[in-house]
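Worksheet: the structure to be examined is printed underneath.
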Amino acid sequence: MNTTRQRRLKKFRVFYLMFLPVAAYFIIFTYYPFLKGLIMSFQENRLLGVRPFCGLENYRFVIKEPNFLASVKNSLIIGLWDMGLYFGFSLVLALILNEVANRMVKQSIQTIAYLPYLFSWAVIGGVWALIFDLQGLANKFLSLFSVEPIFFLATPSLARPLIIAMGVWRSMGYFALLFTVAIMTIDQQLFEAARIDGAGRFTQITHIIIPSLTGTMKTIVVLLSIGVLTHFDEIYVMVNPANRRMIGTLLLYVYETGILNFKTGTASAGATLVMIGTVAITGLIRKFTGYDEE
Amino acid sequence: MKANRFVTVLIVLVFLVGGLFAQGQVERKAVEVKVLAGVTGGKDDTENALFEKEMEKATGLNITWEKPPSGYDQVLMQKLGAGEVYDLLYLNQFQMYALANQGALTDLTSRIAASSVYSENVDPDELAKIQMNGKYYAGFNKLEVFPLVNVNKAITDKVGINLNTLNTLEDYYQMLKKVKNYMENTVGRKPYYPFFTYMPDIWDLQPWFSSAGVRRGVFKDASGKKYAPFVQAQAKPVWEWLAKLYREGLMDPASFTGKTGDMRNKMWQSQEIVMDVDWAAWTGLYNNNAMTAGTYPHTVNVVGLPGTKSPSGTFMLEQGGASLWAIPANAKHPDEAFKIIEYMATKEGGLLLSAGIEGYDYVIQDGKLAFTEVGLAHAKDHGAPFPISTQFDLGVLGTMNPGVLESVAIGKRADVEVAPMGYADGELDARKYYDIMSKWMTDCIMGKMSADAAMRGAENELRINSLID
């Protein structure tokens, strides 16, 4: 057995050597900080010096915090809506783009849809503030129909839809691009055969394109599920006293309660809970979509 | 033989030179003081290197002056959390409390008590403000000023308002109404919201709560019980007054969603507001900006006002949280670090932290400071626009921005009380306090709930979070 292993090790030694830098990168920059964070979550809040272990105290503190449950609720609502809408809109956009015959028009739409993904959240936040400010473009447009100005940015009932829409607007183009690439790889003979059999475009979409995209869909859904509980940047740029109740998410809670107060233990416990939640959601999604099935 | 002798001499020389070099290194290391600085230092890498040299020249120490270009709080947390060791840290007052509570800072009480520099340069009243349970964990970076009411007199003059007669909430309400009416109906700028207050940290409200005789933050009574005056019954009329301003279009809705930068631009650049509450230094900066834009004083002429009179007849203003220098508990060179703290409290240190570096920010001409183009761009601020030293004469900085000295002078009036917010002996989680208060009281001001209900809601949440008893 050992000889077989040794022989294989020797045979693939070049590949193992090539893998070493990658392994080192992940150990140093991912697993070590993760492990350190995990240990810190069981230690007292001390930025300097020795940190005595305090058992589950930090977890108890976080879970008992009145704002924690509200943050979980906000994170789930925003995250799940985002996941569904990112997926749906980007798929529809990719299917529409596939139907555009003019290459230039197609590429222009693709670029325009993809462009917001290149902007930082701070820029996106600024753009949305300009649009939805009380004296912004949206209200100027509504005034054309004699509609009273709406204070979009400070109306609690509009806070979540705005944040979700902002995310969809930013990321739709990116996921649509992934779908488009997958559509391009579908065997053209299938379409030809369908056409000979008298299938129209809609039938081709529902019977060829969508079934062919199953693998890509599963991957995108799993990727999106990883982000359900990790919304922070867009919240940070858009939060204000009027909408805080509706959009204060878990990572904002971790940032404000832990990091701003130098409470390393509390912040690590909060972050670990986010990670456990993410693993659970991703696991469920993988099972639900049959991601791991052959 | 000759060769042997040559080799012997060579070996001796190598050891001698190596030894000297090593000794030099040891000596250099012994005095190398590592500083992590927030706002204090050079404005860019080039100037920061010059600042470091100036600091070294003044203290005789070998200093590494590390100043992150942005995101100081995160950098501080990351560096300390990662185990990096510093001798001196720039902190705000809350950070000092948080780290001192964790035992992460060196107790400086005996050093400060024994320091002749501190006794000769630092006002004991200022010193008392940074005490924590009778101890000192930091020294000063600068003298903190205070926010006060800033009004664009160029507009109020046109409306015919005498600013000296404004003492009550009703006076200010009437003034804002007249300005709104004038701007909307005579000037034709509709809608015009004359007043901006930055709500996210309920930061700018003290001049109004003075009318109720209460202060922001959490205090401890004689029995040690923690209470928040802003949610007590006497504060209610002020919240109702703010709600009335919003309801009647006198308060800019951007107060809830905008940033301080928006407020400032609206004040001097576009004159979209006529009144805000901002730092005393900003009275001058508004006018200075307007002067550059050619709108001072006919369109923009900002003056500072003390706000509203308290029931006891004084004007209660809030002093800004201190910016401080602390020595971490694991510092390698605490004595040398304290030398830097002392230097920053001298008038010479004050000059470096305000005017900047001689030969770069300014030159001496006929015994007076003449600012270079770079120095003018740096606006006499390298971390301390108002140095802490009582011996520092602001006059050496030349002509101040219009209106700033008058605003600063308001704080020295006998009928004005400038005091810090309530820190509950360093126990207050300020971020949480701000969030809870601004959330509930925004609902009150926007008319979503009554002042009573909002104050009760805020009080309950403060209590659940153990911020008050």
Side-chain angles (χ1 to χ4, degrees), chain A residues 32-33 36-37 40 44-52 61 64-68 70 122 125-126 128-129 132-136 139 149-157 159 162 237-246 248 252-253 255-268, chain B residues 73-74 76-86 89 91 94-95 97-99 101-105 191 193 198-202 252-259 262 272 328-331 428-432 434-443 445-446 448 460-461 463-466:
Chain A
Y32 173 70
K36 195 153 186 204
M40 273 162 84
E44 279 183 21
N45 288 313
R46 284 195 194 170
L47 203 53
L48 297 182
V50 182
R51 300 183 186 99
F61 175 86
K64 268 168 59 186
E65 258 276 301
N67 289 328
F68 178 74
W128 278 62
F132 292 104
D133 192 31
L134 203 55
Q135 288 151 336
N139 275 317
I150 299 168
F151 200 175
F152 291 100
L153 300 175
T155 304
S157 58
L162 267 183
V237 296
M238 294 298 280
V239 73
N240 64 54
N243 66 18
R244 175 171 283 278
R245 281 191 183 86
M246 310 303 282
L252 188 74
Y253 166 84
Y255 175 74
E256 290 182 342
T257 307
I259 293 174
L260 288 181
N261 286 324
F262 300 130
K263 290 183 176 171
T264 47
T266 312
S268 302
Chain B
D73 292 354
Q74 275 90 323
L76 177 71
M77 165 96 175
Q78 284 161 358
K79 296 237 177 203
L80 297 188
E84 212 160 320
V85 178
Y86 287 92
L89 299 174
L91 301 174
F94 287 112
Q95 290 168 336
Y97 288 138
L99 288 177
N101 278 325
Q102 290 182 13
L105 300 181
Y193 305 105
Y198 181 66
M199 273 304 287
D201 286 353
I202 57 162
D252 190 338
S255 299
F256 307 103
T257 56
K259 305 274 181 267
D262 302 330
E272 284 172 83
N330 62 350
L428 180 67
D429 179 341
R431 187 71 262 152
K432 204 163 272 179
Y434 296 151
D435 289 346
I436 293 169
M437 289 300 296
S438 61
K439 186 172 69 181
W440 285 97
M441 302 329 293
T442 290
D443 283 352
I445 296 170
M446 292 182 86
K448 289 173 194 150
N460 282 340
E461 202 171 328
R463 192 163 288 123
I464 290 168
N465 281 282
S466 307

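Just so it is clear, the model here is predicted, and its values are computed rather than measured. Chain A is the first sequence line, chain B the second, and so forth, proteins listed ahead of strands; every chain is numbered from 1.
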Report which part of [X] has an atom under 4.5 Å of a heavy atom belonging to chain B: side chain, backbone, both, or neither.
| X | answer |
| --- | --- |
| A/Leu260 | side chain |
| A/Arg46 | both |
| A/Leu134 | side chain |
| A/Lys64 | neither |

Of the backbone (N, CA, C, O) and the side chain (C-beta and beyond), which part of [X] lies under 4.5 Å from a heavy atom of chain A, both, or neither?
| X | result |
| --- | --- |
| B/Thr442 | side chain |
| B/Tyr86 | neither |
| B/Met77 | both |
| B/Lys432 | side chain |
| B/Gln95 | both |

For [Y], does its backbone N or O pair with a side-chain atom of [X] as donor and acceptor, under 3.5 Å?
| X | Y | result |
| --- | --- | --- |
| A/Asn261 | A/Lys263 | no |
| B/Gln102 | A/Phe262 | yes |
| A/Asn139 | A/Phe151 | no |
| A/Asn45 | A/Thr266 | yes |
| A/Asn243 | A/Met246 | no |
| B/Asp262 | B/Lys259 | yes |

Item to check | Non-hydrogen side-chain atoms of B/Trp440 and B/Lys448 separated by less than 4.5 Å | outcome: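 No, every pair of side-chain atoms sits at 4.5 Å or beyond.
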Next on the checklist: Using a 4.5 angstrom heavy-atom cutoff, name the option from B/Asp73, B/Asp429, B/Ile445 with the most pairs to chain A.
Outcome noted: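 The candidate making the most pairs under 4.5 Å is B/Asp429.
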Next on the checklist: Heavy-atom pairs under 4.5 Å with chain A - which of B/Leu105, B/Asn465, B/Asn101 has more of them than the others?
Outcome noted: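 Of the candidates given, the most pairs with chain A belong to B/Asn465.
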